[in-house]
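Read through the structure below, which is laid out as structure tokens, and then see the notes.
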Amino acid sequence: MDDLPCRPPDQVILRPLDVPHKTLLGPGPSNCPPRVLAAASRPVLGHLHKEFVKVMSDIQAGLRYAFQTQNDMTFAVDGSGHAGMEVTLGNLVDKGDVVLVACNGLWGERACRLISRLGGIPKRITRPVGEVFSNSEIEDALKALHPTLMFVTQGESSAGTLQPVSGIGRLCRLYNCLLVVDTVASLGAVPFFMDKWGVDAVYTGSQKVLNCPSGLAPVSFNPRAWKKYCARQNPTSSYYFDLRELGTYWGFPDTAAPRKYHHTASINSFYALREGLAIVAEEGLESMWTRHAANASRLWQGLERMNISMAVSNKAARLPTVNVVVVPKGVNWKAVADYANDEYRLEIAGGLGPSAGKVWRIGLMGYNSTAHNVDFALRVLMEAIEKTCRQSGTRSKL
């Protein structure tokens, strides 16, 4: 055994952890309810202990309600919302598959990059940032391209748009195509009916409307998606995200089979997700949809009184969770965001992708979607614009 001395630890790790409380009104993560944080502090269990398997089963029941589905293959993977994209597309896209992707913001483009890495062939239909697709546009693309899969983002958080999903599943079935939907920024805040709308695979993230810390990606696959997986000509590129391997841990497709080890789950994050889903069930989806719509409308009206425009002009196409606001001419977006953070510990985010430097994004999701938070954000935004403009010698038109 070496008798060499150890290098001493850095002093920074010996200091107490200091985490300030902030109001997170950006695109996510959102603040968590105290009971969710309390649930996450419960004692650690083994990943195959019967008590933890019960927690997993509870999560599956809660997710079936949130997704409005009866699919057995409904579960959560360890990872952010992006992991949901990986597990859905990674299991359903085989080499050479043509995939139709609706691109009107960052997430459609990310899906295209992933599809290419998987050996698929992404085919884009595009709309300008801030606009959504009509079902007739989608049908024309399905007719022309004959894809095996279509990818749609319901809540495009980079652009602030809400894509109507109803009717797309029917069209996909008409043209023998599977439908995958990204609901990371929308699930729980707007209507979503996986089974009624004919969605074959869906994913979301724990850190937005579901009231939880980031780190888990709930997903669901229907029997059509499972059939596509089973017909693959090539194995999936990921063992960690392989649907059959995950099924041995989550109890599908054989729901009676004993659970088997696949990986060590994020135990305490699963406690938090279970509690977040309980809050969703207690409030009820219809009530959540109404609350998010009302608070988004309150924000829009307040911004209108301040002569500040929304990036999405069509109210029906606006996402109520991530509200994209045009930065007024002559205003430094970052100075305003920094002022809100430094003076009030309030997060207001900037743009993402093509909207960077042009917009603010104000998130109203889950626990954070309240009238109080709307009024707080409006007051701080007004003050921040006026003070930063005064400091820079420019004049605000608010």
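Note on residues 230-247: pairs passing salt bridge (charged side-chain N to carboxylate O under 4.0 Å, His left out), not counting sequence neighbours, are Asp94-Arg232. Here salt bridge (charged side-chain N to carboxylate O under 4.0 Å, His left out) pairs that include residues 285-307, with residues two or more places apart or in two chains, are Glu283-Arg291, Arg298-Asp375. Identified under the side chain to side chain donor-acceptor pair (under 3.5 Å) test for residues 116-126, with sequence neighbours left out: Glu109-Arg124. Residue pairs that meet the side chain to side chain donor-acceptor pair (under 3.5 Å) test with at least one member in residues 340-358, sequence neighbours left out, are Lys22-Asn341, Tyr344-Glu383. For residues 140-175, no pair satisfies ring-ring contact (aromatic ring centres under 6.0 Å, His included), with sequence neighbours left out. Residue pairs meeting the salt bridge (charged side-chain N to carboxylate O under 4.0 Å, His left out) criterion with at least one member in residues 166-189, sequence neighbours excluded, are Arg173-Asp200.
Under the rule for a ring-ring contact (aromatic ring centres under 6.0 Å, His included), the partners of Phe270 that lie at least two apart in sequence or sit in another chain are Phe52, Trp250. Shown here are the ring-ring contact (aromatic ring centres under 6.0 Å, His included) partners of His292, two or more places apart in sequence or in another chain: there are none. The side-chain hydrogen bond (donor to acceptor under 3.5 Å, both in side chains) search around Arg274 returns Asp58, not counting sequence neighbours. With sequence neighbours excluded, the residues that form a side-chain hydrogen bond (donor to acceptor under 3.5 Å, both in side chains) with Glu282 are Arg35. Take Tyr249 and apply the ring-ring contact (aromatic ring centres under 6.0 Å, His included) test, not counting sequence neighbours, and it matches His263. Applying the ring-ring contact (aromatic ring centres under 6.0 Å, His included) criterion to Phe241, with sequence neighbours excluded, gives no partner residue.
Side-chain atoms of Ser57 come within 3.5 Å of backbone N or O of Val53 as a donor-acceptor pair. Under the 3.5 Å distance criterion, the side-chain polar atoms of Asn135 are matched with a main-chain donor or acceptor of Ser166. Looking only at distances, a side-chain donor or acceptor of Asn373 sits under 3.5 Å from a matching main-chain atom of Asn368. Although no hydrogens or angles enter the test, the distance criterion places a donor-acceptor pair under 3.5 Å between the side chain of Asn222 and the main chain of Arg224. With hydrogens and angles disregarded, no donor-acceptor distance shorter than 3.5 Å links the side chain of Trp333 to the backbone of Trp360. Panel note: side chain Arg361, backbone Ser157; a donor-acceptor pair is recorded below 3.5 Å. A distance-only check finds no donor-acceptor pair linking the side chain of Glu131 to the backbone of Pro128 [under 3.5 Å]. Judged purely by atom type and a 3.5 angstrom limit, Tyr261 has no side-chain atom pairing as donor or acceptor with the backbone of His47. No donor-acceptor pair under 3.5 Å is formed between the side chain of Thr255 and the backbone N or O of Phe252. One N or O on the side chain of Asn268 and one on the backbone of Ala40 form a donor-acceptor pair closer than 3.5 Å.
Taking 4.5 Å as the limit, every side-chain heavy atom of Val132 sits out of range of all side-chain heavy atoms of Arg127. You'll find the side chain of His262 reaches within 4.5 Å of the side chain of Tyr239, heavy atoms only. The shortest distance between side-chain heavy atoms of Val98 and Pro147 falls below 4.5 Å. Counting heavy atoms from C-beta on, the side chains of Val87 and Tyr203 never come closer than 4.5 Å. The shortest distance between side-chain heavy atoms of Pro328 and Ile308 falls below 4.5 Å. Between Leu216 and Asp78 the shortest side-chain heavy-atom distance falls below 4.5 Å.
The environment of CG in Asn234 is crowded: more than 12 heavy-atom neighbours from other residues, nucleotides or ligands sit within 6.0 Å. At most 12 non-hydrogen atoms from other residues, nucleotides or ligands lie less than 6.0 angstrom from CD1 of Ile13.
Under the 4.5 Å side-chain contact rule for hydrophobic residues, Ile362 and Leu352 do not share a cluster. In terms of hydrophobic clustering, with Ile, Leu, Val, Met, Phe, Trp and Tyr side chains grouped at heavy-atom distances under 4.5 Å, Val280 and Tyr367 are assigned to different clusters. With hydrophobic clusters built from ILVMFWY side chains whose heavy atoms lie under 4.5 angstrom apart, Val129 does not share a cluster with Val184.
The heavy-atom pair separating Met150 from Ala102 by the smallest distance is CE-CB, 4.3 Å. In this structure, Gln154 and Ser186 approach most closely via the heavy-atom pair OE1-OG, 2.7 Å. Considering every non-hydrogen atom in both Ser134 and Glu137, the closest pair reads N-OE1, 2.8 Å. Nearest heavy atom pair, residue Leu92 against residue Asp97, reads O-OD2, 3.6 Å. Looking at every heavy atom in both residues, Asn211 comes nearest to Gly276 through ND2-O, 3.9 Å. Across all their heavy atoms, Cys32 and Cys212 have their closest contact at SG-C, 3.4 Å.
Classified by interplanar angle (parallel below 30°, tilted 30° to 60°, perpendicular above 60°), the ring pair Phe192/Trp197 is perpendicular. Using cut-offs of 30° and 60° on the angle between ring planes, the pair Trp289 and Phe193 is perpendicular.
Phe221 and Tyr229 have their aromatic ring centers separated by at least 6.0 angstrom.
Of the inter-residue distances, the one linking Leu187 atom CG with Gln68 atom CD reads 9.5 Å to the nearest 0.5 angstrom. Separating the CG atom in Leu346 from the CG atom in Leu24 is a distance of 9.0 Å, to the nearest 0.5 Å. Rounding to the nearest 0.5 angstrom, the gap separating the CG atom in Leu178 from the CG atom in Leu149 is 5.5 Å. The distance from atom SG of Cys172 to atom CD1 of Ile138, rounded to the nearest 0.5 Å, is 7.5 Å. The structure places CH2 of Trp107 at 5.0 Å from NE2 of His82, a figure rounded to the nearest 0.5 Å. We find the CG-CD1 distance between Leu210 and Ile279 to be 10.5 Å, quoted to the nearest 0.5 Å.
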**Q.** Check against side-chain contact (heavy atoms from CB on, under 4.5 Å), Leu277 and Leu63
**A.** CA-CA 7 Å; Leu277 291 168; Leu63 290 176; 3.9 Å; yes
Q: Evaluate the side-chain contact (heavy atoms from CB on, under 4.5 Å) criterion for residues Thr321 and Lys208: first the C-alpha distance (whole Å), next the side-chain angles of each, then the deciding distance (0.1 Å), finally the verdict.
A: CA-CA 9 Å; Thr321 54; Lys208 297 184 187 275; over 6 Å; no
Q | Test side-chain contact (heavy atoms from CB on, under 4.5 Å) applied to Lys315 and Arg318, step by step | A | CA-CA 5 Å; Lys315 289 184 179 181; Arg318 288 179 189 167; 3.6 Å; yes
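Side-chain atoms of Ser220 and Asn71 include a donor-acceptor pair closer than 3.5 Å. Between the side chains of Glu156 and Ser158, at least one donor N or O lies within less than 3.5 Å of an accepting N or O.
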